[in-house]
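What follows is a short report on a single structure.
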Amino acid sequence: MSSSATSRQDALDAAYRAAFTADERVRAALTYGSRPAGLGDAWSDVEYWVFVADEQSAADHLEHPPKWLCEVGDPALLVRNEFGAWVAVHAGLVRVEVHAWPAADVDVVRGWPARGAPVEAMVVLDRDGTLTPAVAALPEDPRVPGTAAEVAQVCGRFANWWVLGHNVSGRGEWERSQDALAHVRRELLWMARLSGDATGRWLTPSRLAERDLAPEVVEALGRVSARTEPADLARAYDAAWALGERLWRALAAMWGFDPPDRLAGWVEAEAQDRAPARAEATEAELTSSRRCRPPGG
């Protein structure tokens, strides 16, 4: 995997591996993500789970960054993220993420949905011989929805987020609606992957979507984005429903469950009820834009 494109990541990876080996408190370590899967590039993170000798050491690693994390590569930023992992940002904006965990609880790995890479590419260090079998017990690829009920659940989650975002937008919570739209897009990506038999990157459905999905689907997804203002959010939610309903009906036909006829009727009725107010808002926005336009613009 080593190449000039990944030389920064490769150098950091070698340095971190040496630091793990030198610290006897580190009983086991694994790497995960795109690099061990053979998909690393110049934009990839370098990511680890590190299993520390005792609970106190692990707790110390959670509260304070390990010495080697401060020293390897001289990071410009060192912060604990919202998931409890330490993130170091190195030259070239390379991110290194380290999760610290008690070595006694190495079997936490067995609860992962998949490993995503060969065992030998993931295991960095295993002094006690406990990590390798835990990683080996995982399937390489995650389980994908494989029944009509499971696929219908994915469609239902799309509708859940769509209705939430639509309703808070109606209340005037534009930022909250924008946040919900991100969830809408994620569910649409899963629906698109199921519909297009492109489930190989299931856990991160946006990864390489431009390569995996049909061009017309990628174009439709592009319309499910908006500025944080009423008319544009309304347009994005309209585009999201149009794509979501189309994918939902295609999946319903493929898997043999009911299409969303009743819900679609309610959405259409709501759109008709709101049409006059939306037209007024759009006209007001256009008028404001004309007023703000500089002379000769």
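For the single chain, residues carry numbers from 1 onward in sequence order. Fair warning: this is a prediction, and the values are worked out from it, not measured in the lab.
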* **Non-hydrogen side-chain atoms of L69 and P66 separated by less than 4.5 Å** => yes
Taken to the nearest 0.5 Å, the spacing of L233 CG from S169 OG works out to 5.0 Å
Rounded to the nearest 0.5 Å, the CD atom of Q9 sits from the CG atom of D41 at a distance of 7.5 Å
Using the ring of each side chain (for Trp, its six-membered ring), is F20 parallel, tilted or perpendicular to Y48, with breaks at 30° and 60°? perpendicular
CH2 of W248 to CD of E187, rounded to nearest 0.5 Å, is 11.0 Å
Would V89 and V98 show up in the same hydrophobic cluster when neighbours are defined by side-chain heavy atoms closer than 4.5 Å? no
Note to self: Using modelled atom types and a 3.5 Å cut-off, is there a donor and acceptor pairing between side-chain atoms of R171 and backbone atoms of E173?
What the structure shows: no
With a 4.5 Å cut-off on side-chain heavy-atom distances among I, L, V, M, F, W and Y, is there a chain of contacts connecting L138 to V144?
no
- Query: Taking D232 for the side chain and R227 for the main chain, is one N or O donor matched with an acceptor at less than 3.5 Å?
  - Reply: yes
Other residues, nucleotides and ligands only: do more than 12 of their heavy atoms fall within 6.0 Å of CG on L93?
no
Would you call E47 and R95 a salt bridge, taking side-chain N to carboxylate O under 4.0 Å as the test? no
Treating Ile, Leu, Val, Met, Phe, Trp and Tyr as nodes and any side-chain heavy-atom pair under 4.5 angstrom as an edge, say whether V163 and W190 lie in one connected cluster. yes
* Start with the C-alpha distance between D45 and R35, add both sets of side-chain angles, then the distance that settles salt bridge (charged side-chain N to carboxylate O under 4.0 Å, His left out), and finish with yes or no. => CA-CA 8 Å; D45 295 340; R35 285 175 53 81; over 6 Å; no
Between the CG atom in L189 and the CZ atom in R201, the distance rounded to the nearest 0.5 Å is 12.5 Å
Below 4.0 angstrom, N of the basic side chain to O of the carboxylate: do D107 and R110 qualify? yes
(request) Say whether L208 and W43 are linked into one hydrophobic cluster, either directly or through other cluster members, by side-chain heavy-atom distances under 4.5 angstrom. (result) no
Donor-acceptor under 3.5 Å (R223 side chain, A240 main chain) = no
Is any side-chain heavy atom of M122 closer than 4.5 Å to a side-chain heavy atom of R115? yes
Does Y32 form a side chain to side chain contact (heavy atoms under 4.5 Å, CB included) with H99? I'd like the steps, not just the answer. CA-CA 11 Å; Y32 65 99; H99 299 258; 3.1 Å; yes
Can you list, pair by pair, the side-chain donor-acceptor contacts under 3.5 Å of residues 151-162, counting residues two or more places apart and other chains?
| from | atom 1 | to | atom 2 | distance (Å) |
| --- | --- | --- | --- | --- |
| W162 | NE1 | Y237 | O | 2.8 |

* **Side chain proximity check, E245 to P259, heavy atoms < 4.5 angstrom** => no
Q: Could you tell me whether R249 and D261 have a side-chain N and a carboxylate O separated by less than 4.0 Å?
A: yes
Checklist line | Verdict with supporting geometry, L78 and V87, side chain to side chain contact (heavy atoms under 4.5 Å, CB included) | finding: CA-CA 6 Å; L78 191 57; V87 176; over 6 Å; no
>> What verdict does the salt bridge (charged side-chain N to carboxylate O under 4.0 Å, His left out) test give for R143 and E150, after you've listed the backbone C-alpha separation in whole Å, the side-chain angles of each residue and the deciding distance to 0.1 Å?
In response: CA-CA 11 Å; R143 185 179 180 279; E150 290 170 345; 3.0 Å; yes
Note, L203 side chain near P113 side chain (heavy atom, < 4.5 Å): yes
> Between the main-chain N or O of V26 and the side-chain N or O of R127, is there a donor-acceptor pair closer than 3.5 Å?
Replying inline: yes
- prompt: Should the pair D126-R27 be classified as a salt bridge under the 4.0 Å nitrogen-to-oxygen rule?
  reply: no
Handout entry: side chain to side chain contact (heavy atoms under 4.5 Å, CB included) evaluation trace for W101 with V106
Key = CA-CA 8 Å; W101 206 259; V106 72; over 6 Å; no
Notebook entry, point to check: Would you say the side chain of E97 lies within less than 4.5 Å of the side chain of W49, judging by non-hydrogen atoms?
Noted result: no
Between the CG atom in L30 and the CZ atom in F51, the distance rounded to the nearest 0.5 Å is 5.5 Å
Verify side chain to side chain contact (heavy atoms under 4.5 Å, CB included) between T31 and R17, making sure each step is shown before the conclusion. CA-CA 10 Å; T31 185; R17 288 170 183 253; 3.8 Å; yes
Rounded to the nearest 0.5 angstrom, the OG-CG distance for S177 and N167 is 9.5 Å
- prompt: Are the side chain of R25 and the backbone N or O of A53 linked by a donor-acceptor pair below 3.5 Å?
  reply: no
Checklist entry - Can R235 and E229 be counted as an ion pair, charged N to O under 4.0 angstrom? => result no
